[in-house]
Amino acid sequence: MSSTPATSIPSATSAGAAALPIIHVDGLPFAATTVPVLTGHIVDEAAAGRGGWVVTPNIDILRRWRVEPAFRALVADATVFTADGRPIVWASQLQGTPLPTRLTGSDLFVALMHAAAAAGLRIALIGGNEGTADAAAAKLIPEAVAAGRVRCLCPPFGFEQQPQEMARLETLLSGWLPQIVFIGLGSPKQEKLIARLRPLAPRAWYLGVGVSFSFVAGDVKRAPGWMQRSGLEWVHRLTQEPGRLARRYLVDGIPFAAGLLWRSATRRGRRPAV
C-alpha cells in the first residue's frame, strides 16, 4: 500500500508562507514538487525577503550525504532538496511514495532565471568557466542584463585561499545584495561556498547548479531528452569527461544506485524515515 508524504518543508523564515510537501528517499527529505511550482515558490520568497538554499542531489551527492558526516553537516541548513538523479525518482516509486518528477538543477536554473528576471529580482551568477556565466545570462535574460539586474563573477582556481578574490565575492554579496544567487562550481565546492556566503546576504536564495552555465552557453552539450528520461544522462557526461567522471559514475555511482533501489524496494509501505 502506497503512503503519502507526511511532512513538509516550511519556508525559510516565515511560518505564514506556503510549505512544500516532501518525500524521504534514503533518509533525505526531497521536495515533492515540480520546476514551475518550486520556481514560483522561490521567486515569491525572495521578493518577500525570505532567503533559502536549494540543494539538487544526484546519486553522487546523495551518496556523499549518506557516507560523509562532514558533508551531511554542511548541507544541514539547506531549505530544499530536489531529486536531480533519475534513480532517486525510481527509488521513490519503489518505496511507494513517488516523487512527481525528476527536478534537476539545470532545469531549475533556466526556469528560475526567466522567472526572477520577470519579477525584477537581482541575480548573481558565480563560478563556471571563464565567460560562461555572462554568456548564459545574455542568452536567457538579455533585458535584465541590460538593465543591470544581473552580475556575474568567475573567480580563478583556488580562489577560496585568495583573500582578494574572496573579498570580491563578499562585496558582491554584502554590497549589491542579490536576491537569487547561482553557484556553478560542482559539488561539494559549491555547497562549501554557499555555506560561507549565506550570512552576507541571508535574504537571498542560493542554488548550486554545477555545469548549468556551460549547458546554456553551449560549451558543454547536455544529453538528449531520451537519455535524460531513461536515466542514461550519466553515460553522455562520462563520454565527455571520462578522466574526471569515471570513478564517480563507475566505481561509486553504480553500486550506490543499485543499493539505493534495493533499500527502497525493501522499505515499501513503511513510514518515511526522518
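Residues: numbered from 1 along the sequence shown.
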**Student:** Is it the case that one hydrophobic cluster holds both Ile61 and Leu28, taking links as side-chain heavy atoms less than 4.5 Å apart, direct or via other members?
**Tutor:** yes
**Student:** In the structure I gave you, are the side-chain heavy atoms of His24 and Thr97 within less than 4.5 Å of one another anywhere?
**Tutor:** no
**Student:** Quick one: do Arg168 and Phe159 satisfy side chain to side chain contact (heavy atoms under 4.5 Å, CB included)? Show the steps, please.
**Tutor:** CA-CA 10 Å; Arg168 292 175 64 203; Phe159 69 90; over 6 Å; no
**Student:** Does NZ or CZ of Arg64 lie under 6.0 Å from the centre of the six-membered ring of Phe71, at an angle within 45° of the ring axis?
**Tutor:** yes
**Student:** Say whether Leu94 and Val89 are linked into one hydrophobic cluster, either directly or through other cluster members, by side-chain heavy-atom distances under 4.5 angstrom.
**Tutor:** no
**Student:** Please report the shortest heavy-atom distance between Pro163 and Gln161, naming the atom on each side.
**Tutor:** CD-O, 3.5 Å
**Student:** Side-chain contact, heavy-atom cut-off 4.5 Å: Pro156 with Gln162?
**Tutor:** yes
**Student:** Do Val80 and Ile42 come close enough that some side-chain heavy atom pair is under 4.5 Å?
**Tutor:** no
**Student:** How many angstroms lie between atom CG of Leu260 and atom CH2 of Trp90, to the nearest 0.5 angstrom?
**Tutor:** 11.0 Å
**Student:** Say you draw a straight line from CG of Asn58 to CD1 of Ile88; how long is it, rounded to the nearest 0.5 Å?
**Tutor:** 6.5 Å
**Student:** Is NZ or CZ of Arg72 both nearer than 6.0 Å to the six-membered ring centre of Phe81 and within 45° of the ring axis?
**Tutor:** no
**Student:** Using every non-hydrogen atom in the two residues, find where Ala133 and Gly127 come nearest and quote the distance to one decimal.
**Tutor:** CB-O, 4.2 Å
**Student:** For a quick test of reading the model, state the closest non-hydrogen atom pair linking Leu20 to His41 and the distance between them.
**Tutor:** CD1-CD2, 3.8 Å
**Student:** Apply side chain to side chain contact (heavy atoms under 4.5 Å, CB included) to residues Asp107 and Arg102 and explain how you reach the verdict.
**Tutor:** CA-CA 10 Å; Asp107 291 336; Arg102 180 187 179 207; over 6 Å; no
**Student:** Quick check for you: to the nearest 0.5 Å, what is the distance between Leu173 atom CG and Ile126 atom CD1?
**Tutor:** 5.5 Å
**Student:** Does any non-hydrogen side-chain atom of Val145 lie less than 4.5 Å from one of Lys139?
**Tutor:** no
**Student:** Could you tell me which non-hydrogen atom of Phe109 sits nearest to which non-hydrogen atom of Ser212, and how far apart they are?
**Tutor:** CD2-CB, 3.8 Å
**Student:** Dump the intermediate steps for side chain to side chain contact (heavy atoms under 4.5 Å, CB included) on Trp205 and Thr79, then the final yes or no.
**Tutor:** CA-CA 9 Å; Trp205 274 79; Thr79 312; 3.9 Å; yes
**Student:** Whether the side chain of Thr82 engages the backbone of Leu103 through a donor-acceptor N/O pair (distance < 3.5 Å, no angle test) should be reported.
**Tutor:** yes
**Student:** State yes or no: do Tyr206 and Trp65 share one hydrophobic cluster built from I, L, V, M, F, W and Y residues joined by side-chain heavy-atom distances below 4.5 Å, directly or via other members?
**Tutor:** yes
**Student:** Tell me, yes or no, whether the heavy-atom count around Lys189 atom NZ, taken from other residues, nucleotides or ligands under 6.0 Å, exceeds 12.
**Tutor:** yes
**Student:** For the CZ atom of Phe213 and the CG atom of Asp134, what is their distance to the nearest 0.5 Å?
**Tutor:** 10.0 Å
**Student:** Is there a side-chain contact between Thr104 and Thr56, using heavy atoms and a 4.5 Å cut-off?
**Tutor:** no
**Student:** With heavy-atom distances below 4.5 Å as the criterion, would you say the side chains of Leu193 and Leu169 are in contact?
**Tutor:** yes
**Student:** Please report the interatomic distance CG(Leu207) to CD1(Ile180), rounded to the nearest 0.5 Å.
**Tutor:** 7.0 Å
**Student:** What closest approach, in Å, do Glu191 and Val55 show between heavy atoms, and which atom pair accounts for it?
**Tutor:** OE2-CG1, 4.4 Å
**Student:** Could you check whether Arg50 pairs with Asp44 (Lys NZ or Arg NE/NH1/NH2 to Asp/Glu carboxylate O, under 4.0 Å)?
**Tutor:** no
**Student:** Around Trp176, counting heavy atoms of other residues, nucleotides and ligands shown, do more than 12 lie under 6.0 Å from its CH2?
**Tutor:** yes
**Student:** Hey, is CZ on Arg149 packed in by over 12 heavy atoms from elsewhere, all under 6.0 Å?
**Tutor:** yes
**Student:** Do Ile194 and Arg198 touch side chain to side chain, with heavy atoms closer than 4.5 Å?
**Tutor:** yes
**Student:** Would a distance-only check, ignoring hydrogens and angles, find a side-chain to backbone donor-acceptor pair under 3.5 Å from Gln179 to Arg122?
**Tutor:** yes
**Student:** If I take atom CD from residue Glu165 and atom CD from residue Glu160, how far apart are they, to the nearest 0.5 angstrom?
**Tutor:** 10.5 Å
**Student:** Check whether any side-chain N or O of Ser92 sits under 3.5 Å from a backbone N or O of Leu99 as a donor-acceptor pair, and report yes or no.
**Tutor:** yes
**Student:** Looking at side-chain heavy atoms only, is the closest gap between Val181 and Leu197 below 4.5 Å?
**Tutor:** no
**Student:** Going by atom types alone, do Ser174 and Glu170 pair a side-chain donor with an acceptor below 3.5 Å?
**Tutor:** no
**Student:** Closest approach of Leu261 and Ala91, non-hydrogen atoms and distance?
**Tutor:** CD2-N, 3.8 Å
